[in-house]
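See below for the structure under consideration.
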Amino acid sequence: MQTITEPRTMQAWADATRARGERIALVPTMGALHEGHVALIAEARRRAKRVVVSIFVNPTQFDRRDDFERYPRTLEDDAARCAAAGVDVIFAPSPRAMYPEDFQTAVEVAALTAPLCGKTRPGHFRGVTTVVTKLFHAVRPHLAIFGEKDWQQLAVVRRMVADLDFGIEIVGVPTVREADGLALSSRNRRLTPDDRAAARCVPRALDAAAEMAATGETRPAMIVGRVEMEIAACPRARLEYAEVRDPETLEEVEEVTAPALLGVAVWVGDVRLIDNRLLAPAEAERESARAARGGSRAGIEPGASDGPAGSMEAERESARAGRRGPGASEQRSARSARAADGPPGSFGGHDR
């Protein structure tokens, strides 16, 4: 494994690698790596010959100076974790290398950046899309891997790549969680022991909301109200937002009759945590369970196929299952499917 700190050196490595016909996968990070990042690296290894992990704490995406200064920086530990995971290159540029003194350019996506985090973190996504663009130009990857915990970021990057014809495949990987359901995040290490215990209210609120949708509640206001109640019950936590949105467009939904995204931001002490859950309406839950049982009875894994179309559908179903998270309704559907005839297919692929 080698470490590269200059964009032009990174480009030269990428050009030579491409000339050999080898696929490059990029895992963009801000360091302080954890098992969630390891899952991204594993997916990158599965899809490409060469894996690059970028480690850069990007100053332009922080809306508060103190948050930027306190963000954990653990490059030595990160390098050891990358080496153990089979990474080929760490790209760790300095702020000056990424943003020279006369830097004047920004890349911005419009509508998708307006709701959710965009409302409370002005300029955040402009910083994200600008730095991701620069990382793409430096690493020149065939594909890039992002976690679904930052669902809005993933949607914004996908839109940017499509609109600007980058020709890079963007892959989302399901959220990795602690045993108690808290989504892994580099910011978790800033939680005090008491705040870490209090942070359990976040996955608890998402589970409660998912259960409501799975058992027939279709009104976003009622679902959000349940989230508000769960967070309010924890005196150390403060809800910044909870919104039900279309998973693709991030527009508001009037009724949860199809899978819908529930996104939340919660302050626990002085640490801001974000998370999400794909709400599966009751009928969608039943359809998924029926599909799992039907595939098992046919003697194949649900969604399996010999052709590319079947593979793509299986991958989409796996992603959908991953986005749902470990809500009680999913667990119940998975148990029902297993009891019926055989393996549950995409159930259980979520939130490793």
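- Minimum interatomic distance between I168 and A144 (heavy atoms only, all atoms of both residues): CG2-N, 4.0 Å.
- Between E217 and R219 there is a salt bridge, with a side-chain nitrogen of the basic residue lying less than 4.0 Å from a carboxylate oxygen of the acidic one.
- The side-chain heavy atoms of M30 and Q61, taken from C-beta on, include a pair separated by under 4.5 Å.
- Residues I145 and L40 come closest through the heavy atom pair CG2-O, 3.8 Å.
- Residues E252 and V244 are not in side-chain contact: their nearest non-hydrogen atoms beyond the backbone lie 4.5 Å or more apart.
- Side-chain atoms of R23 never come within 3.5 Å of backbone atoms of A48 as a donor-acceptor pair (strictly under, hydrogens ignored).
- Salt bridge E6/R8: absent, no basic N to carboxylate O contact under 4.0 Å.
- Contact check for Q153 versus I274: no side-chain heavy atoms found under the 4.5 Å cut-off.
- Of all the heavy atoms in P141 and R18, the pair that sits closest is O-NH2, 3.3 Å.
- Put simply, the side chain of R238 does not reach to within 4.5 Å of the side chain of V266, judged on heavy atoms.
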> Going through the checks in order, is the side-chain contact (heavy atoms from CB on, under 4.5 Å) test met by L26 and L143?
Replying inline: CA-CA 6 Å; L26 169 65; L143 63 146; over 6 Å; no
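- Within the 4.5 Å cutoff, side-chain heavy atoms of I55 are placed close to those of L75.
- Going from atom CG of L261 over to atom CG of L279 covers 7.5 Å, rounded to the nearest 0.5 Å.
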>> For V52 and V87: C-alpha separation, side-chain torsions, deciding distance, then whether side-chain contact (heavy atoms from CB on, under 4.5 Å) applies.
In response: CA-CA 6 Å; V52 178; V87 171; over 6 Å; no
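- A salt bridge links D270 to R70: at least one charged side-chain nitrogen sits closer than 4.0 Å to a carboxylate oxygen.
- Under 4.0 Å is where a charged nitrogen must lie from a carboxylate oxygen, and between R272 and E240 at least one such pair does.
- Within the 4.5 Å cutoff, the side chain of R177 has no heavy atoms near those of the L184 side chain.
- Closest non-hydrogen pair, S186 versus P72, comes out as O-CG, 3.7 Å.
- Legend: residues meeting side chain to side chain contact (heavy atoms under 4.5 Å, CB included) with P100, ordered by chain and number and at least two apart, are D102, F103.
- Across all their heavy atoms, P259 and P281 have their closest contact at N-CD, 3.8 Å.
- Taking the six-membered ring for Trp and thresholds of 30 and 60 degrees, F56 and Y99 have ring planes inclined between 30 and 60 degrees apart.
- Using a 4.0 Å cut-off between charged side-chain N and carboxylate O, R158 and D163 make no salt bridge.
- Within a 6.0 Å sphere centred on CD of E255, heavy atoms belonging to other residues, nucleotides or ligands number more than 12.
- Between F62 and Y71, the ring planes lie perpendicular to each other; the angle is over 60°, past the 30° to 60° tilted range.
- Put simply, the side chain of R200 does not reach to within 4.5 Å of the side chain of L182, judged on heavy atoms.
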>> Please determine whether side-chain contact (heavy atoms from CB on, under 4.5 Å) holds for the pair E101 and R96, giving the CA-CA distance in whole Å, both sets of side-chain angles, and the decisive distance to 0.1 Å.
In response: CA-CA 7 Å; E101 190 172 335; R96 182 173 291 276; 4.3 Å; yes
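- Between F91 and T3, every side-chain heavy-atom pair lies at or beyond the 4.5 Å cut-off.
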> Passes side-chain contact (heavy atoms from CB on, under 4.5 Å), D15 versus R140? Steps please.
Replying inline: CA-CA 8 Å; D15 288 343; R140 300 182 178 175; 2.5 Å; yes
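- With a 6.0 Å cutoff to the six-membered ring centre and a 45° limit on the axis angle, R73 counts as a cation-pi contact of F68.
- Of the possible polar contacts, none joining the E230 side chain to the V202 backbone as a donor-acceptor pair under 3.5 Å is found.
- Residues N58 and T60 bring a donor and an acceptor atom of their side chains to less than 3.5 Å of each other.
- Around atom CD of E254, no more than 12 heavy atoms belonging to other residues, nucleotides or ligands sit under 6.0 Å away.
- In this structure a side-chain-to-backbone donor-acceptor pair under 3.5 Å is present from N188 to A183.
- To the nearest 0.5 angstrom, R50 atom CZ is 5.0 Å from D88 atom CG.
- The pair D67-R187 counts as a salt bridge, with a side-chain nitrogen and a carboxylate oxygen less than 4.0 angstrom apart.
- The residues E43 and R47 are annotated as salt-bridged, a charged nitrogen and a carboxylate oxygen being separated by less than 4.0 angstrom.
- Salt-bridge annotation for R159 and E248: absent, with no side-chain N of the basic residue lying under 4.0 Å from a carboxylate O of the acidic one.
- Of all non-hydrogen atoms in P247 and L278, the two that sit nearest each other are CG-CD1, 3.6 Å.
- Residue R81 is tested with E35, E76, H37 for a side chain to side chain donor-acceptor pair (under 3.5 Å); the sole match is E35.
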